[in-house]
Amino acid sequence: MKPRILELRKAVLDKNDEIARTLRARFEAAGVFVVNLVSSPGAGKTALLEETMRRMLERNWRVAAIVGDLATENDARRLARSGAPVRQIETGGLCHLEAELVARRLEGWALEELDFLFIENVGNLVCPSDYDLGEALRVVLLSTTEGEDKPNKYPPMFHSADVVVLTKMDLAAATDFDYAGAVANVRAIAPHAALFETSARTGEGIERWIEFLVARHWEAATAASAAPAR
Amino acid sequence: MACRCRFLAHLPVTLEAMTYARVFHETPCGLQPHALGEPQGLEEFKQAAGSWRIQEPQENRRKESAMHELSIACNLVEIVEEAARAAGAVRVTRVRLRLGDLAGVVEDALRFSFPVAAQGTLAEGAELAIERVPVRVFCSQCNAERTLTPPFVYRCPECGASRLRLLQGRELQVESIEIEENHDETAHPRAAQSSARQK
Ligand SMILES: Nc1nc2c(ncn2[C@@H]2O[C@H](COP(=O)(O)OP(=O)(O)OP(=O)(O)O)[C@@H](O)[C@H]2O)c(=O)[nH]1
Ligand SMILES: [Mg+2]
Ligand SMILES: [Zn+2]
């Protein structure tokens with residue numbers, strides 16, 4: 001027996017990254033804009049999606065959702081009420097979604113017939129941050145009923161966000177939410193992130209958020225058609 | 001997900017594992033109480049844990065991510081074992097990992113999870129050597145590299161500019177592994193097969 005050193009230089013999440021790359025290429029080719037929503041449990045992902053999907057469907061956008069949940073089907077059922085196709089991934093205790101789970105759940109779905117696909121991740125501000133799902137946009141929600149120091153407590157997650165949405169704005173006053181502090185913290189950890197404020201209850205901010213999604217979708221679509229075919 | 005079961009089979013063994021079991025029980029990303037297995041085990045565990053409480057913010061962070069590190073550890077072991085097998089190793093003695101400060105992985109929890117994930121694999125008993133990678137950015141205003149420290153406010157520590165380029169700090173990478181090989185190929189039929197196929 002003799003010891004030997006093997007150089008690997010391999011990312012630990014290499015397998016996930018590779019599947020995510022394949023997914024991203026598939027999404028781009030199909031022209032579907034994929035949004036990955038993460039937050040701590042109960043920050044309002046499902047509520048925001050219910051409202052967003054309902055309004056987008058009214059305007060004939062073709063939207064669909066995949067929902068990751070530890071154990072129940074409740075969120076999928078809530079979202080399906082909008083009339084959009086919804087699929088559920090029961091993670092059975094796994095605390096985040098992985099690209100492979102998403103890929104498997106996409107089977108038999110005609111992606112070309114969709115404009116937007118929303119992925120509601122498992123409620124958790126730690127684990128999903130490392131797992132690319134092939135999304136075009138990663139959205140981190142921060143609700144006014146949580147502490148405004150969440151970005152400082154979970155820098156990796158907030159740092160990886162393309163968008164931060166402050167949710168439950170209708171409760172801001174009642175919960176003494178430090179709005180200026182929250183915005184400053186988000187800006188400090190994720191200066192690159194677009195910032196939105198919404199209330200799924202009153203509808204505040206939802207239109208601006210949808211306009212943004214549509215604009216980004218268009219951007220992505222024009223960039224894809226301008227790019228030389230690979 | 002397989003490793004979750006392996007982990008559960010392992011519980012409760014040490015006091016630390018019990019602590020983690022408790023932790024999983026409480027964390028939003030953790031396991032459901034019934035997943036702890038034998039109710040008897042759970043009771044024993046509760047007694048052993050006694051008045052144990054999580055108070056320190058550091059502890060808190062660790063608790064929320066323990067499950068995360070376990071799945072990272074499983075990915076790590078999978079890569080290590082695959083490479084070791086391909087090389088005809090009989091045992092992995094050391095794994096060198098680069099871990100960025102912004103990788104979202106708690107070193108302590110990973111150190112705890114690694115042996116659990118490695119159990120029953122070629123990496124069982126291997127030493128996990130972790131090299132931390134600080135968060136380095138390039139500030140175009142200063143035209144210089146800077147290091148960011150917790151909580152990693154994305155701003156140049158010298159001039160305050162936030163137009164920065166991230167150079168390093170998100171790494172989660174296996175650099176190398178140290179393996180023991182057995183030169184008697186028949187003692188390790190799998191390795192013998194794969195090298196035979198290459199000829
Ligand atoms: N007042 C108010 N309540 C809200 C709002 N958004 C969500 N809620 C409430 O907050 C609770 C949690 O909302 P969900 O949408 O289920 O949160 P979630 O992030 O999907 O939760 P998980 O999937 O369990 O992580 C529910 O009781 C919602 O009715 C809001 O904008 N205003
Ligand atoms: Mg939900
Ligand atoms: Zn500077």
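The sequence lines fix the lettering, A, B, ..., with proteins before strands; numbering per chain opens at 1.
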Worksheet item: Taking atom NE2 of A:H192 and atom CG of B:L164, what is their separation to the nearest 0.5 Å?
Response: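 These two atoms lie 11.5 Å from each other.
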Discussion item. To the nearest 0.5 Å, what is the distance between CG on A:L6 and CD1 on B:I179?
Written reply: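 A:L6 CG to B:I179 CD1: 4.0 Å, rounded to 0.5 Å.
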Test item: [X] and [Y] side chains (from C-beta on) under 4.5 Å apart, heavy atoms:
{"X": "B:S176", "Y": "A:I5", "result": "yes"}
{"X": "B:E181", "Y": "A:R4", "result": "yes"}
{"X": "B:L102", "Y": "A:P156", "result": "yes"}
{"X": "B:I72", "Y": "A:L13", "result": "yes"}

Worksheet entry | Ionic contact status for B:E175 with A:R9, cut-off 4.0 Å |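 Salt bridge: yes.
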Discussion item. Quick test of your reading of the model: are B:E78 and A:K15 salt-bridged, counting only N-O distances below 4.0 Å?
Written reply: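 The answer is yes: the pair qualifies as a salt bridge.
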For [X], I'd like to know if atom [atom1] has over 12 heavy atoms of other residues, nucleotides or ligands within 6.0 Å.
{"X": "B:Q168", "atom1": "CD", "result": "yes"}
{"X": "B:E82", "atom1": "CD", "result": "no"}
{"X": "A:E18", "atom1": "CD", "result": "no"}
{"X": "B:R132", "atom1": "CZ", "result": "yes"}

Discussion item. Can you tell me which of B:V153, B:I177, B:V92 forms the most heavy-atom pairs within a distance under 4.5 Å of chain A?
Written reply: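 If we count pairs closer than 4.5 Å to chain A, B:I177 comes out on top.
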Distance-minimising heavy-atom pair for [X] and [Y]:
{"X": "A:S160", "Y": "B:R170", "result": "CB-NH1, 3.9 Å"}
{"X": "B:G104", "Y": "A:D130", "result": "O-OD2, 4.0 Å"}
{"X": "B:I79", "Y": "A:K10", "result": "CG2-CD, 3.9 Å"}

Fill in: Distance flag, aromatic centroids of A:H159 and B:F152, threshold under 6.0 Å
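Aromatic pair excluded; centres sit 6.0 Å or further apart.
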Worksheet item: Side chain, backbone, both or neither: which part of B:L166 has an atom under 4.5 Å from a heavy atom of chain A?
Response: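 Side chain only.
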Worksheet item: Who wins among A:P191, A:P128, A:A188 for the most heavy-atom pairs under 4.5 Å with chain B?
Response: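 Option with the top pair count is A:A188.
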